[in-house]
Amino acid sequence: MLLEQAIFFFLIIVPSAIIHEYAHGWAADLLGDPTAKYAGRLTLNPRAHIDLWGTILMPLILIITTGGRFLFAYAKPVPYNPYNLKDQKWGPVWVAVAGPLANFLLAFAFAIVLKFLPAGLALAPFLAIIVYANVLLMIFNLVPIPPLDGSKVLFAVLPDNQTGIKIKQFLDQYGYIMLLIFVFFLFDLISPLISWLYGLLITL
């Protein structure tokens, strides 16, 4: 990725991450938990969602250190209380998948716009970056490692026995360490899926 494209990617992935977090808060509120609303997070105002490290410093460091070859960012997680949800088992799952679903809808919408643009338009590569950024956010957040959204889906389908409880406890305790290992050493495991879905969308 060229440095100019990497900077544009940064400018896109940050609002995409903010929309991701807003979707979590919106879904939680819809399902009975107003925590995000009361915390002032049920808004698209970037100031409410920016995390100094995850939204600004880390992406800028990655742009500089990798020359734009790898870039990721996240927004401040939206708070919610799962005990307020009407459905205690599947409510947290719907709240979790709302974020990745929002990114998919953004990717799909911009892929449709891209499809109807005149061939060779200079804007096209940048719209493609918007699609890619949102596909990346969607798939990465569905990885079943806490605190990512995929872990909430995994916890909902784990058996309610001793084995399921031990798996959940292990992931809760070591999730952040596992996530760091995944990001720095195992990210290539999901790269083919990201490339496949991105390719599928831009060839609609």
Side-chain angles (χ1 to χ4, degrees), residues 1-26 43-78 96-143 145 147-150 179-180 182-204:
M1 188 184 295
L2 297 175
L3 184 58
E4 294 83 2
Q5 290 178 322
I7 293 171
F8 182 75
F9 185 86
F10 168 71
L11 295 175
I12 291 304
I13 203 167
V14 168
S16 297
I18 288 171
I19 291 171
H20 175 105
E21 290 302 328
Y22 172 84
H24 285 314
W26 176 82
T43 174
L44 291 175
N45 186 336
R47 289 183 297 178
H49 300 281
I50 287 176
D51 177 87
L52 179 60
W53 169 251
T55 316
I56 300 174
L57 295 179
M58 182 185 72
L60 290 177
I61 291 170
L62 287 173
I63 287 177
I64 295 168
T65 57
T66 70
R69 291 188 301 275
F70 178 77
L71 179 59
F72 189 75
Y74 61 86
K76 191 188 304 179
V78 165
V97 301
L101 180 59
N103 293 126
F104 175 78
L105 292 175
L106 283 170
F108 182 79
F110 279 98
I112 294 297
V113 172
L114 189 60
K115 178 179 176 64
F116 290 101
L117 283 180
L121 194 68
L123 183 63
F126 294 99
L127 291 179
I129 290 173
I130 297 175
V131 176
Y132 181 83
N134 278 280
V135 168
L136 170 63
L137 278 173
M138 181 193 77
I139 293 177
F140 177 74
N141 277 284
L142 288 174
V143 172
I145 300 174
L148 299 180
D149 303 324
L179 184 58
L180 287 173
F182 180 84
V183 167
F184 288 105
F185 302 106
L186 301 173
F187 195 86
D188 284 345
L189 292 175
I190 62 172
S191 292
L193 183 57
I194 293 170
S195 298
W196 172 80
L197 183 54
Y198 166 72
L200 183 66
L201 286 173
I202 63 171
T203 55
L204 286 172

I need the [X] [atom1] to [Y] [atom2] distance, nearest 0.5 Å.
X    : Y    : atom1 : atom2 : result
T43  : I18  : OG1   : CD1   : 9.5 Å
I12  : Y132 : CD1   : OH    : 15.0 Å
L200 : Y198 : CG    : OH    : 12.5 Å
L186 : I145 : CG    : CD1   : 8.0 Å
I129 : I13  : CD1   : CD1   : 11.0 Å
M58  : L52  : CE    : CG    : 11.5 Å

**Report entry** Side chain proximity check, L179 to P147, heavy atoms < 4.5 angstrom
**Finding:** yes
Report task. State, with a plain yes or no, whether a side-chain heavy atom of L142 is found less than 4.5 Å away from one of L148. Result ->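 Of all side-chain heavy-atom pairs linking L148 with L142, none is under 4.5 Å.
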Query - Pairs meeting criterion side-chain hydrogen bond (donor to acceptor under 3.5 Å, both in side chains) with involvement of residues 12-26, two or more places apart - result: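 side-chain hydrogen bond (donor to acceptor under 3.5 Å, both in side chains) check on residues 12-26 returns S16-N134, H20-H24, H20-N103, H20-D149, H24-D149.
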Name each donor-acceptor pair under 3.5 Å that joins a side chain in residues 187-196 to protein atoms two or more places apart or in another chain, with its distance.
| from | atom 1 | to | atom 2 | distance (Å) |
| --- | --- | --- | --- | --- |
| S191 | OG | F187 | O | 3.4 |
| S195 | OG | S191 | O | 3.1 |

**Report entry** side-chain hydrogen bond (donor to acceptor under 3.5 Å, both in side chains) against H49, all qualifying residues, sequence neighbours excluded
**Finding:** R41
Requested in this report: Under the side-chain hydrogen bond (donor to acceptor under 3.5 Å, both in side chains) rule, collect the residues that match up with T55, sequence neighbours excluded.
Outcome: none
Query - For Y74, all residues meeting ring-ring contact (aromatic ring centres under 6.0 Å, His included), sequence neighbours excluded - result: none
Report task. Locate the shortest heavy-atom distance separating D51 from G54; write the atom from each residue and the value. Result ->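 Looks like OD2-N, 2.6 Å.
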For residues 105-126, which side-chain N or O atoms pair as donor and acceptor with protein atoms under 3.5 Å away, sequence neighbours left out?
| from | atom 1 | to | atom 2 | distance (Å) |
| --- | --- | --- | --- | --- |
| K115 | NZ | L204 | O | 2.7 |

